[in-house]
Enquirer: 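Please read through the structure below; I'll follow up with questions.
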2 protein chains.
Amino acid sequence: MKNQSERAYQRMREKILSGIIVPGARLVEQALSEEIGVNRGDVRQALSRLCAEGLAAKGEKGGFFVRQLTDKDVEEIYEVRYILETSAVRLIIQRAHEEEYRQLDEIVDHMELMAGNNYMLGVYEADLRFHTALVKAAHNEKLFDIYISANIPLSGVHGWRHEITRIDKDYMRDVSEHRRIVEHLRRKDADAAIHLLNTCHEDSRDSIDPPDPAPLSNR
Amino acid sequence: MKNQSERAYQRMREKILSGIIVPGARLVEQALSEEIGVNRGDVRQALSRLCAEGLAAKGEKGGFFVRQLTDKDVEEIYEVRYILETSAVRLIIQRAHEEEYRQLDEIVDHMELMAGNNYMLGVYEADLRFHTALVKAAHNEKLFDIYISANIPLSGVHGWRHEITRIDKDYMRDVSEHRRIVEHLRRKDADAAIHLLNTCHEDSRDSIDPPDPAPLSNR
DNA sequence: TATTCAATTATTGTATACCAAATTTCGCCT
DNA sequence: AGGCGAAATTTGGTATACAATAATTGAATA
């Protein structure tokens, strides 16, 4: 954390993504500034950035709010996710080095370990990391930036903290799916890898229940 | 323009994209604030947003600068542009209505008129509008947002104002290419449309000379 | 009890001033 | 021309003010 506005941004981002601040809630500048320990100007700066990234939005009557994703939004985000990851796979096959495949393997190893011991949140975290590493391996920084700043790997679980994580899910199947994706990448079989990626998407989409209706303070 | 920080954002964006402020130049807060007629805080807010969108960047020794695109950046952006527009085409074929094709036709008409009378900047503008409308027609707001906020249609000509626009370019060929793209879309021939789009990219890539080395005040 | 409306309080958007630290500029000297 | 150091500028951070507006409270009323 170099400077204060960066700090404000990071803290607020965390709070939003982890669901500590629920979607639809008003982002009160003074409260935030006191809590984080920066002044209102820095909070305002961070809010501006969060807005540009789609994590927050300006209310019609003024003020900032945590972005409320509609069903349509989620649907569209999955579509974009598919587009970006599919393209990443094709680039990976042209460009990735063994080193990057090894990194992906390692993440899957972690995922396996956590799945075996029922660390659901851990598995989820590893999954995030896997998809991020996947796009990174495409060797296109701009593509990676877009993927990150669009908060694509997180959108579906916006507010997961408030949901009951499905206990009966077969996490081991996920693990083997991810492992097979890496295999396909190594064999340069783009279509197979993409097909499996698609399966992942379907899975996570099904396992997500709509978040609690947020207690809107206004709007 | 609802509020001041929005105004600051708009003005600065214009200045950067039109090349009035050259790539690499320092963005002095006070100068900007006086010029635009807002206070420093608002400028700071706008700068924060511009940064998130990749139009500006924070210098290592502090301060904001107009983002300087390297050859690699441009290369990557074209790749992303290809990915996004290609995906858009595939979605358009599934979803677009006649109304949207008519809009595209109309833009091509404008382009033709301007090309016929050698309004080079006008042609360029219509081209921008065409590609934007294309992505919009994919009926995925998120995809559209990404396309816009990544400044993809503009990146290649970042600072075009300082270049000598090629006078000998065959603008009419561009026009007919664009017209054929719409035809292919109507016939639902994705591959043909994508192939032509690709041609456009190659063309514009070739016709762009590297911008003048920006007079860097530091960095 | 439920509802309406006015008074009170909170929040935003904007503006200004201040400060220390870092950075840049500029003139001077060699 | 090139290096040096002082002066000016710029940043990043903080505090405060204040009018306009939005939200909440609470009391009066149906």
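Lettering follows sequence order; numbering is per chain, from 1.
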Enquirer: Please state whether the phosphate of C:dA15, meaning OP1 or OP2, lies under 4.0 angstrom from any side-chain nitrogen or oxygen of B:Q4.
Expert: yes
Enquirer: In whole angstrom, what separates A:E60's CD from C:dG13's P?
Expert: 13 Å
Enquirer: Between A:K72 and B:E141, is there a side-chain N and carboxylate O pair less than 4.0 Å apart?
Expert: no
Enquirer: If you measure from the Lys or Arg side-chain nitrogens to the Asp or Glu carboxylate oxygens, is any gap between B:R11 and B:E35 under 4.0 Å?
Expert: no
Enquirer: Does A:R44 place a side-chain N or O at less than 4.0 Å from the phosphate oxygens OP1/OP2 of C:dG13?
Expert: yes
Enquirer: Please step through side-chain contact (heavy atoms from CB on, under 4.5 Å) for the pair B:R26 and B:F64, ending with a clear verdict.
Expert: CA-CA 6 Å; B:R26 187 181 205 134; B:F64 293 88; over 6 Å; no
Enquirer: Please indicate whether A:R102 has more than 12 foreign heavy atoms, meaning atoms of other residues, nucleotides or ligands, lying under 6.0 Å from its CZ.
Expert: no
Enquirer: Can you check the B:E29 CD to C:dA22 C1' distance for me, whole Å?
Expert: 14 Å
Enquirer: How close or far is atom C1' of D:dT11 from atom CZ of B:F64, stated in whole angstroms?
Expert: 10 Å
Enquirer: Heavy atoms from C-beta onward define the side chain here; which of C:dG13, D:dT11, D:dT14 lies closest to that of B:R40?
Expert: D:dT11
Enquirer: Distance criterion of 3.5 Å, no angle test: do you see the side chain of B:R26 paired donor-to-acceptor with the base of D:dT11?
Expert: no
Enquirer: Report which part of the nucleic acid A:L32 touches: base, sugar-phosphate, or nothing (heavy-atom distance under 4.0 Å, all strands).
Expert: nothing
Enquirer: Quickly work out the B:Q30 CD to D:dT11 C1' distance and round it to whole Å.
Expert: 11 Å
Enquirer: Measure CG/A:L47 against P/C:dT11 and give the value in whole Å, please.
Expert: 14 Å
Enquirer: How close or far is atom P of C:dC18 from atom CG of B:N39, stated in whole angstroms?
Expert: 16 Å
Enquirer: Select one nucleotide: of C:dA15, D:dG13, D:dT10, the one nearest the side-chain heavy atoms of B:V28.
Expert: D:dT10
Enquirer: For the pair made of CG in B:D42 and C1' in C:dA15, what is the distance, rounded to whole Å?
Expert: 9 Å
Enquirer: Applying salt bridge (charged side-chain N to carboxylate O under 4.0 Å, His left out), run through A:R67 and A:D73 and close with a yes or a no.
Expert: CA-CA 11 Å; A:R67 177 89 184 275; A:D73 288 330; 3.7 Å; yes
Enquirer: Round to the nearest Å and state the distance from B:N3 atom CG to D:dA19 atom P.
Expert: 20 Å
